[in-house]
Student: 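Before anything else, here's the structure in question.
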There are 2 protein chains.
Amino acid sequence: MSRPTTIKDIARILKISVSTVSRALRDAYDVNEETRNRVLAAAAEINYKPNYNATALAKRSTHNIGVILPFITNYYFSTVITGIQEVAYSKGFNIILHVTNDSPERELSIVDNLSLSSFDGLLVSTCSQSDSCEHFARVIREDIPVVFFDRVPNQIRTSKVMQDDFNGAFEAVEHLVSNGYRRVAHIAGPRGLLFTEKRYEGYLAALTKHNLPVVEDYTIYSGFSQESGQADTIQLMDLPEPPDAIFAVNDRKAIGAMLTLKARGIRIGKEVGVIGFTDDPMASIISPSLSTIAEPAFEIGRKSCELLLGHIRKKSFIPEEKILPGKLIVRESTNKG
Amino acid sequence: MSRPTTIKDIARILKISVSTVSRALRDAYDVNEETRNRVLAAAAEINYKPNYNATALAKRSTHNIGVILPFITNYYFSTVITGIQEVAYSKGFNIILHVTNDSPERELSIVDNLSLSSFDGLLVSTCSQSDSCEHFARVIREDIPVVFFDRVPNQIRTSKVMQDDFNGAFEAVEHLVSNGYRRVAHIAGPRGLLFTEKRYEGYLAALTKHNLPVVEDYTIYSGFSQESGQADTIQLMDLPEPPDAIFAVNDRKAIGAMLTLKARGIRIGKEVGVIGFTDDPMASIISPSLSTIAEPAFEIGRKSCELLLGHIRKKSFIPEEKILPGKLIVRESTNKG
DNA sequence: AATATTATCGGTAACGTTCTCGCTGATTTT
DNA sequence: AAAATCAGCGAGAACGTTACCGATAATATT
């Protein structure tokens with residue numbers, strides 16, 4: 001209805017200039033304490049709200065950060081966002097959310113159509129099949145800071161935040177071994193993703209440390225879904241010598257594994273141990289409950305955002321890497337009895 | 001590095017005026033087909049990206065919609081957001097995400113601090129304890145359209161999108177009754193929320209239709225969490241005459257109920273039936289699997305966003321209400337025999 | 001042939017804010 | 001008492017875009 005009040009209204013009411021009002025509202029520099037109070041009072045009086053677009057235009061800085069990720073409908077990503085939101089909110093930044101549905105074309109179109117004027121920095125977790133990172137490189141070349149988390153590309157030199165995938169996997173597999181399992185299989189994520197490789201390496205390292213043979217058929221790369229967990233497990237258990245334990249790249253796949261094991265009448269834990277990665281709330285709901293490596297999702301969100309805001313504030317974009325530790329959660333699915 | 005290219009650059013290169021360039025880029029009105037093509041070519045050439053802030057300032061319309069909700073770390077809300085995102089993306093709108101953590105103070109501060117210049121419309125699901133809706137009324141008074149979904153206030157006349165809570169609850173309870181359960185209890189949500197009431201009314205209606213007595217102690221209002229589901233169920237089962245079925249306001253509480261029933265050695269389904277609301281993926285993971293009313297979360301997101309964009313487009317804000325049907329999903333937890 | 005119409009374009013003022021100067025008048029310095 | 005300093009303020013341009021209106025030339029109308 002009534003157009004929003006502006007800085008000019010305040011100036012007119014107080015019979016001072018807009019420059020003074022602007023300074024009073026922000027810097028409080030070069031402005032008398034008394035006039036400043038009068039400005040503040042007048043602003044409150046007429047319910048003044050700053051126009052962020054005008055500010056952004058004049059200062060060449062929006063107060064937005066873009067967040068690009070494949071999904072939000074799972075525990076991990078939604079928790080990361082909550083962490084991001086937490087620090088963004090406290091620093092007065094808005095989050096512009098973009099979901100790619102794990103489609104590289106969509107990711108590309110989002111990044112390219114996104115006006116560079118609409119955010120000060122980018123927080124991204126890539127698609128699983130990102131053939132190229134050129135689009136992100138372009139953004140960085142425009143001097144807009146980008147911080148990657150979880151699904152980080154390795155071709156590009158930039159700030160990254162991730163859980164300790166190698167050690168998490170190592171711990172998971174070592175836990176299996178120390179509980180008496182000997183033929184440990186790994187149902188992995190899609191190839192090409194850095195953390196898929198890291199977790200695989202951790203798996204390998206634990207096997208070799210404990211002098212266990214590395215059976216090639218015991219590692220299957222596929223998707224992240226529960227369904228692919230089921231399919232992988234069928235393949236695994238149909239082997240001449242099936243494994244007696246399964247380390248899944250995430251809890252969804254672990255749950256898929258448990259489902260096929262159950263369907264085949266195989267006692268989980270006693271006959272075949274299962275361990276996941278994430279600590280999705282489902283892990284404690286399913287029975288038997290699922291052992292897993294808890295990821296610090298919330299912390300990853302916080303750290304990523306803090307890192308990004310740091311880059312934005314000091315205008316310098318020196319890449320940093322942060323690796324946050326996970327935590328082994330022992331439950332029933334790795335209890336041999 | 002190099003400052004972003006602007007409309008002026010194009011004008012200078014082509015030796016035409018900025019007005020013509022602006023028209024060529026947008027309207028294609030009052031501009032020759034050929035010059036328009038030259039402008040488009042030049043824009044692509046120098047990698048021109050429009051500055052949204054300048055546009056927003058000149059047109060008094062950002063291309064952003066604000067989304068305010070209590071949580072995102074659950075299946076329902078994250079799926080709604082995905083639905084919102086889907087239509088927003090297709091129409092070129094950005095989503096600014098705000099999470100209140102179900103805190104009324106935070107909700108208030110978000111709405112009040114949000115510059116009205118930073119979004120064209122608002123999509124909100126309120127806190128459970130919103131004592132007032134004044135802050136939203138203020139936004140509406142500024143002629144910014146607001147659409148509520150799921151958790152909608154009843155004191156305020158505005159557009160609303162929700163699942164059919166009454167009929168969903170009715171169907172759930174009728175399903176219990178027709179499966180032979182007679183003493184049906186209801187562990188409800190917090191008082192004051194519209195859908196808590198609707199689901200309670202549906203529960204009542206089903207009982208009275210089937211001539212079952214309404215026992216006051218059989219309805220407990222409390223939180224939404226799994227823990228409150230556990231607590232409520234303890235209270236229920238300690239009654240002199242405990243219920244033989246529980247209708248929970250959502251799946252999390254239903255799962256809580258199942259946990260305490262299991263802990264007490266009560267056979268779910270056979271002795272006590274349990275049904276939830278939402279169809280969280282957990283419902284099919286837990287064992288016995290949980291019967292529930294599936295909510296059309298994705299559709300609710302889509303519809304809310306379409307409604308809002310409609311309001312924004314036609315500048316008229318005539319409140320509309322949409323009620324989307326749920327669907328009964330029968331699983332093991334309501335199988336008596 | 002004079003006039004009216006049309007298509008295409010340019011000039012200029014907004015939009016709300018910040019920023020860089022420069023100007024006053026008062027205070028301090030010498 | 002003259003000069004230097006300084007606090008506080010204002011004028012005006014800029015940020016990139018759109019909107020309104022007028023100008024021009026070409027075409028159509030009578």
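Below, chains carry the letters A, B, ... as their sequence lines are ordered, and counting in each starts from 1.
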Student: Between B:Thr35 and A:Ala58, which is nearer to the 5' end of DNA chain C once each is assigned its nearest nucleotide?
Tutor: B:Thr35
Student: Please report the distance, rounded to the nearest Å, between NZ in B:Lys59 and C1' in C:dC15.
Tutor: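 It works out to 13 Å between those atoms.
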Student: Just how far, in rounded Å, is C1' of D:dC20 from CZ of B:Arg60?
Tutor: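 B:Arg60 atom CZ is separated from D:dC20 atom C1' by 13 Å.
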Student: Mind checking B:Tyr29 for me? I need base, sugar-phosphate or nothing, with any heavy atom below 4.0 Å counting as a touch.
Tutor: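 It contacts nothing in the nucleic acid.
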Student: Would you call A:Glu142-A:Arg138 a salt bridge at under 4.0 Å N-O?
Tutor: no
Student: Could you give the NZ-to-P distance, from B:Lys8 to C:dG11, as a whole number of Å?
Tutor: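 Atom NZ in B:Lys8 sits about 13 Å away from atom P in C:dG11.
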Student: May I have the distance from B:Asn53 (atom CG) to D:dA14 (atom C1'), rounded to whole angstrom?
Tutor: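 So the CG-C1' distance, B:Asn53 to D:dA14, works out to 15 Å.
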Student: Could you tell me how far apart B:Tyr48 (OH) and D:dT17 (C1') are, to the nearest whole angstrom?
Tutor: 7 Å
Student: Between B:Ser19 and C:dG11, is there a contact of a side-chain N or O with OP1 or OP2 at under 4.0 Å?
Tutor: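 Checking C:dG11 against B:Ser19, no side-chain N or O comes under 4.0 Å of OP1 or OP2.
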Student: Choose from D:dG16, C:dT17, D:dC9 the nucleotide whose nearest atom is closest to any side-chain atom of A:Thr55.
Tutor: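 Output: C:dT17.
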Student: Which nucleotide, C:dC15, D:dT17, D:dC9, lies nearest any side-chain atom of B:Thr6?
Tutor: D:dT17
Student: For B:Glu134, I'd like to know if atom CD has over 12 heavy atoms of other residues, nucleotides or ligands within 6.0 Å.
Tutor: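 Count over threshold, so yes.
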Student: Between A:Leu14 (CG) and D:dG8 (C1'), how many Å, whole number?
Tutor: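 It is 15 Å, rounded to the nearest whole Å.
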Student: Which nucleotide in the set D:dG10, C:dC15, D:dT17 lies at the smallest distance from any side-chain heavy atom of A:Ser17?
Tutor: D:dG10
Student: Checking the side chain of B:Asp112 only, and the main-chain atoms of B:His135 only, is there a donor and an acceptor separated by less than 3.5 Å?
Tutor: no
Student: If you look at every strand shown and take non-hydrogen atoms under 4.0 Å, does A:Asn51 touch a base, only sugar-phosphate, or nothing?
Tutor: sugar-phosphate
Student: At under 4.0 Å between heavy atoms, what does A:Tyr52 touch on the DNA or RNA strands: base, sugar-phosphate, or nothing?
Tutor: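 The answer is nothing, as A:Tyr52 stays clear of every strand by at least 4.0 Å.
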Student: Whole Å only: how far is the CD1 atom of B:Ile7 from the C1' atom of D:dT18?
Tutor: 8 Å
Student: Heavy atoms, side chains only, cut-off 4.5 Å: are B:His98 and A:Asn94 in contact?
Tutor: yes
Student: Does a side-chain N or O of B:Asn32 approach OP1 or OP2 of C:dT8 to a distance below 4.0 Å, or not?
Tutor: yes
Student: A quick test of your reading: do over 12 heavy atoms of other residues, nucleotides or ligands sit less than 6.0 Å from NZ of A:Lys303?
Tutor: no
Student: Respond yes when some side-chain nitrogen or oxygen of B:Arg23 is under 4.0 Å from OP1 or OP2 of D:dT18, and no when none is.
Tutor: no
Student: Tell me whether the side-chain N/O atoms of A:Ser22 come closer than 4.0 Å to OP1 or OP2 in C:dT17.
Tutor: no
Student: Taking CG from A:Asp30 and P from C:dT24, how many angstroms apart are they, rounded to a whole number?
Tutor: 17 Å
Student: OP1 or OP2 of D:dC9 less than 4.0 angstrom from a side-chain nitrogen or oxygen of A:Thr20, does that happen here?
Tutor: no
